[in-house]
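These numbers come from the heavy atoms of this one structure, side chains and all, not from hydrogens, waters or symmetry mates. As the structure lists them, so they are numbered: ligands from 1, and atoms in each ligand from 1.
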Amino acid sequence: MFGDLQERELIREFVRQLTAKYGRAYWVERAKSKGHLDEIWHELGKAGYLGVTVPEEYGGSGTSMTRLAILMEELCTQGVPLLFLVITTAMAAIPIARHGNEELKQRYLPAIADGSKKFCFAVTEPDAGSNSFNIRTFAKQEGDYYVIKGQKVFISGYDQAQHVLLVARTTPADQVKEKRHGISLLVVDTNAPGLSAHPMDTQIFAPERQFALYFDEVRVPRANLVGEEGRGFRALFDALNAERITVAAMAVGLGRFALQKAVEYAKVRKVFDKPIGAYQGLAHPMAIARTHLELASLMTHYAAHVFDAGQDAGMYANMAKYAGAEAGIEAVDIAIEVHGGSGFTGEVDVITVWPMARLLRTVPVAREMILNYVAEHVLGLPRSY
Ligand SMILES: Cc1cc2nc3c(=O)[nH]c(=O)nc-3n(C[C@H](O)[C@H](O)[C@H](O)COP(=O)(O)OP(=O)(O)OC[C@H]3O[C@@H](n4cnc5c(N)ncnc54)[C@H](O)[C@@H]3O)c2cc1C
């Protein structure tokens with residue numbers, strides 16, 4: 001069910017070798033300088049690992065969320081989270097491969113697989129927030145083009161990407177029967193005339209930055225539509241489920257990275273004559289954190305398995321994201337505690353994991369919205385909003 005065990009170990013071994021070269025120190029240096037991670041990205045592309053969500057006929061190894069989850073989990077376990085694995089490998093490649101027309105697939109998938117092109121993903125708007133169907137960015141059809149007006153916020157990696165996978169309305173919300181109708185996905189070039197961007201002051205300690213995007217009459221060919229006009233929710237749900245699974249793997253890996261440091265320290269740091277790891281006040285929370293990480297990892301890989309089988313992975317992807325984020329936060333928190341005062345130094349490098357681990361409770365979908373989903377769609381409880 002969880003993929004070939006030998007293949008899993010091969011992926012993990014590849015990542016360990018790669019991060020021996022481009023490891024945590026490399027990542028931290030780029031996080032401080034807001035630099036790019038091009039070296040590791042291109043090595044992943046060369047070795048075929050950016051093609052894990054791209055069908056073979058377009059230069060990939062076939063869509064496998066299982067492989068992507070293993071890759072992300074192990075990179076983060078080594079302290080090297082790559083946000084573009086979420087926003088390009090999961091959120092752009094999968095909708096284009098599953099819903100894009102032939103021209104789009106030929107144009108973008110091989111370039112995603114070899115690492116030469118990156119996408120960012122833009123859905124969030126200031127007034128819509130978690131209510132994504134309430135977005136107002138509008139793509140109006142004019143002949144062979146869409147003309148786009150609107151605003152997006154918190155768009156990660158815009159400055160490094162060549163394209164935006166944009167979620168926009170093509171029919172106003174008050175003219176559709178169901179609120180999810182009238183939404184479409186479009187590929188927009190990041191240098192398109194009329195598209196401008198401003199960096200936002202997000203503080204997550206990562207190389208990637210967030211941007212507010214302004215679309216002022218941006219013209220995009222109709223051929224750039226991903227899937228059917230007005231029925232973009234299908235491609236959107238594929239993107240969001242893939243995103244949740246990848247983010248769950250990221251959270252689990254970050255938790256493992258921090259917890260491993262705590263365990264090593266707890267074995268050697270002696271206070272009151274004994275190593276602090278002997279004190280159950282620390283040992284038990286570490287053991288619980290490890291248990292929760294393993295449970296979250298299992299759920300993540302089960303969600304990936306259901307996704308790869310072509311079944312509705314919504315319930316599992318949401319639960320995996322919830323479990324991964326909570327387990328990641330718990331592990332990073334105990335790792336800071338175990339290190340005492342030095343847990344707050346850059347040298348120990350666990351406080352530096354905290355902003356990202358904490359972020360993943362709220363982003364890409366907030367914990368409350370996941371619990372709303374489970375309450376409504378899994379338990380069948382009435383909706384409160
Ligand atoms: C670092 C970072 C990177 C990001 N990257 C991207 C990106 O690349 N692309 C992109 O499109 N977006 C991105 N986002 C945006 C992110 O997805 C949103 O911030 C997130 O979905 C929450 O939306 P919001 O900020 O509008 O919060 P809101 O929707 O305003 O929610 C505020 C709070 O209210 C709660 N809430 C809202 N409605 C309910 C309800 N019905 N029941 C219970 N509680 C509720 C929420 O759970 C949350 O706790 C990023 C954000 C950050 C901070």
Output block, N or O contacts of ligand 1, threshold 3.5 Å exclusive:
residue  : atom   : partner : partner atom : Å
ligand 1 : 5 (N)  : Phe154  : O            : 2.8
ligand 1 : 5 (N)  : Ser156  : OG           : 2.8
ligand 1 : 8 (O)  : Ser156  : N            : 3.0
ligand 1 : 8 (O)  : Ser156  : OG           : 3.4
ligand 1 : 9 (N)  : Phe121  : O            : 2.8
ligand 1 : 11 (O) : Val123  : N            : 2.9
ligand 1 : 11 (O) : Thr124  : N            : 2.9
ligand 1 : 11 (O) : Thr124  : OG1          : 3.1
ligand 1 : 12 (N) : Thr124  : OG1          : 2.7
ligand 1 : 17 (O) : Pro364  : O            : 3.2
ligand 1 : 21 (O) : Pro364  : O            : 3.0
ligand 1 : 29 (O) : Ser130  : N            : 2.7
ligand 1 : 29 (O) : Ser130  : OG           : 2.6
ligand 1 : 42 (N) : Asn372  : ND2          : 3.1
ligand 1 : 47 (O) : Glu368  : OE1          : 2.6
ligand 1 : 49 (O) : Glu368  : OE1          : 3.2

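The cationic atom of Arg180 (NZ for Lys, CZ for Arg) lies less than 6.0 Å from the six-membered ring centre of Phe233 and within 45° of the ring axis.
In summary, Lys34 and Asp159 do not engage in a salt bridge, as defined by a charged side-chain N under 4.0 Å from a carboxylate O. In this structure, Arg67 pairs ionically with Glu7, as a charged nitrogen and a carboxylate oxygen lie closer than 4.0 Å.
By the side chain to side chain contact (heavy atoms under 4.5 Å, CB included) test, Arg222 is found to be paired with Gln141, Tyr146, Glu229, residues two or more places apart in sequence or in another chain being considered. For Tyr58, there are no ring-ring contact (aromatic ring centres under 6.0 Å, His included) partners two or more places apart in sequence or in a different chain. Listed by chain and residue number, nothing satisfies the salt bridge (charged side-chain N to carboxylate O under 4.0 Å, His left out) test with Glu208 (two or more places apart in sequence, or in another chain).
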